[in-house]
Protein chains: 2
Amino acid sequence: MPDAPEVPRPDADDEDDARIVEAVIYLYTESRRLTKELARAFGLTGPQVTALKLLDAMGGMSLSDLSARMSARNSTVTGIADRMERDGLVERQRDENDRRVVRIRLTPRGRALSRQIPVESMEVFGAALRALDPKDRRDLRRILRRLSDRVEEEVKKTERHLEQVAEGDAP
Amino acid sequence: MPDAPEVPRPDADDEDDARIVEAVIYLYTESRRLTKELARAFGLTGPQVTALKLLDAMGGMSLSDLSARMSARNSTVTGIADRMERDGLVERQRDENDRRVVRIRLTPRGRALSRQIPVESMEVFGAALRALDPKDRRDLRRILRRLSDRVEEEVKKTERHLEQVAEGDAP
DNA sequence: GCGGGATATTTCGCATACGAAACTTCTCCC
DNA sequence: GGGAGAAGTTTCGTATGCGAAATATCCCGC
């Protein structure tokens with residue numbers, strides 16, 4: 001679905017905003033789609049490739065760290081790790097010092113597979129960025145930063161409001 | 001999981017790129033999370049709110065059109081429509097002229113619910129954009145546009161390469 | 001008017017994805 | 001040092017999300 005964050009509004013002035021939003025959505029979904037496509041060529045899924053590459057780069061990490069790096073919840077990554085373990089790509093090992101922690105490492109097979117997957121293909125985004133004018137790149141970073149800050153503010157504001165709105169429940 | 005499209009690279013210069021990518025991901029996931037949170041207050045899910053608002057605005061549409069507007073596949077939206085129908089929010093009706101087509105309309109209940117959901121909460125992104133300096137907004141649009149074009153080019157290039165890489169399959 | 005390809009939707013199997021609850025282990029405070 | 005609470009992981013239930021295959025219908029050419 002990806003809940004398209006924008007809903008049609010008749011206002012004329014918002015055309016520009018809509019285009020910016022579309023661009024952000026496009027960039028996100030496209031890079032996601034590409035990872036998935038790349039993964040498929042190696043019999044993997046998108047998140048599995050992400051995990052494989054992260055584990056290869058970091059040489060093993062806790063499940064929580066892996067979750068954080070993948071911007072996903074622990075309960076989600078547990079499942080991904082399960083399937084990768086089933087396929088012999090990773091191993092789980094209880095941490096000796098803190099037995100709550102599960103360390104996840106690549107098996108030799110997982111490592112070999114990771115090395116076969118070209119990184120360049122995952123970097124379409126980076127390549128496009130490097131192709132930008134240096135000044136544009138600086139501006140982009142600055143503006144996006146500012147935009148993120150504003151969104152963060154709005155979020156806090158909205159979240160307070162939301163609690164008051166939630167009167168008319170349904171199903 | 002959202003397959004984070006970026007993978008750690010040791011290069012020093014890429015810090016900036018990483019930050020841009022992070023910002024894009026942040027903006028996307030945040031607006032998605034907000035829709036979800038808003039939805040929850042009304043006993044719905046993110047995509048359901050999106051569908052509800054679209055159907056309210058358009059006054060009923062075919063499943064394919066709805067899918068397109070939601071940037072999702074038909075098979076995905078079928079499920080969403082199923083659950084909304086189960087909850088009495090929408091109705092399916094075969095199109096008389098073209099009996100392959102299924103028209104989806106809000107029930108009175110669905111319409112009432114839609115009207116209760118404030119649109120503003122879905123527009124955190126828009127509000128943040130409007131708060132930007134006009135020049136920044138113009139620049140942002142221009143640069144994102146250029147970036148999208150470059151990504152599109154890269155995608156085409158990569159996709160051709162991908163077919164050659166796909167030798168070493170796995171699991 | 002009929003046969004074959006195109007189009008719209010659903011079904012099926014699988015992998016994410018999340019939140020809440022359950023469990024284990026750790027930590028800190030008294 | 002013992003218990004309360006915190007932290008890390010898993011389990012469970014539900015909802016997306018996709019692609020491939022099955023179904024139903026349309027449409028086009030002949």
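Chain naming here is simple, since letters A, B, ... match the order of the sequence lines and numbering starts at 1 in each. Hydrogens, waters and symmetry mates are skipped; everything else that's a heavy atom, side chains included, is used.
Using a 4.0 Å heavy-atom criterion, one finds that B/Arg92 contacts the sugar-phosphate atoms exclusively.
At whole-Å resolution of the value, CG in A/Leu44 and P in C/dA15 are 11 Å apart. Taking atom CZ of residue A/Arg99 and atom C1' of nucleotide D/dA7, one finds them 16 Å apart after rounding to whole Å. For the pair A/Asp82 CG and D/dT11 C1', the computed distance is 10 Å after rounding to whole Å. The CG-C1' distance, from A/Asn97 to D/dA7, rounds to 16 Å in whole Å. The distance from atom CZ of A/Arg32 to atom C1' of D/dG19 is 15 Å, rounded to the nearest whole Å. For A/Leu89 and C/dA15, the CG to P distance is 12 Å, given to the nearest whole Å. Residue A/Asp95 contributes atom CG, which lies 12 Å from atom C1' of C/dC26 at whole-angstrom precision. What separates NZ of A/Lys36 from C1' of C/dC14 is a distance of 11 Å, to the nearest Å.
A salt bridge links B/Asp136 with A/Arg142: the distance from a Lys NZ or Arg NE/NH1/NH2 to an Asp or Glu carboxylate oxygen falls below 4.0 Å. Salt-bridge formation is not detected for the pair B/Asp149/B/Arg146: no Lys NZ or Arg NE/NH1/NH2 atom is positioned less than 4.0 Å from an Asp or Glu carboxylate oxygen.
Side-chain N/O atoms of A/Thr76 include one lying less than 4.0 angstrom from OP1 or OP2 on C/dC18.
Residues satisfying the salt bridge (Lys or Arg N to Asp or Glu O under 4.0 Å) criterion with A/Asp133, sequence neighbours excluded, are absent altogether. Taking the salt bridge (Lys or Arg N to Asp or Glu O under 4.0 Å) definition, one finds that A/Arg83 meets it with nothing, sequence neighbours left out. Every residue meeting the side chain to side chain donor-acceptor pair (under 3.5 Å) condition with A/Arg100, not counting sequence neighbours, appears here in chain and number order: A/Asp98. Qualifying salt bridge (Lys or Arg N to Asp or Glu O under 4.0 Å) partners for B/Arg115, counting only residues two or more places apart in sequence or in other chains: B/Asp56. With sequence neighbours excluded, the residues that form a side chain to side chain contact (heavy atoms under 4.5 Å, CB included) with B/Arg105 are B/Glu91, B/Gln93. Qualifying side chain to side chain contact (heavy atoms under 4.5 Å, CB included) partners for B/Ser148, counting only residues two or more places apart in sequence or in other chains: A/Ala23, A/Tyr26, A/Leu27. For A/Asp65, there are no salt bridge (Lys or Arg N to Asp or Glu O under 4.0 Å) partners, not counting sequence neighbours.
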Pairs: protein N or O with nucleotides 4-8 of chain C N or O, under 3.5 Å:
| residue | atom | partner | partner atom | Å |
| --- | --- | --- | --- | --- |
| C/dT7 | O4' | B/Arg100 | NH1 | 3.2 |
| C/dT7 | O2 | B/Arg100 | NH1 | 3.1 |

Between protein and nucleic acid, restricted to nucleotides 12-15 of chain D and to nitrogen or oxygen atoms under 3.5 Å apart, what atom pairs and distances do you find?
| residue | atom | partner | partner atom | Å |
| --- | --- | --- | --- | --- |
| D/dA15 | OP1 | B/Arg86 | NH2 | 3.4 |

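When distances are taken from the side chain of A/Arg73 to each of C/dG19, D/dG19, C/dT10, the shortest belongs to C/dG19.
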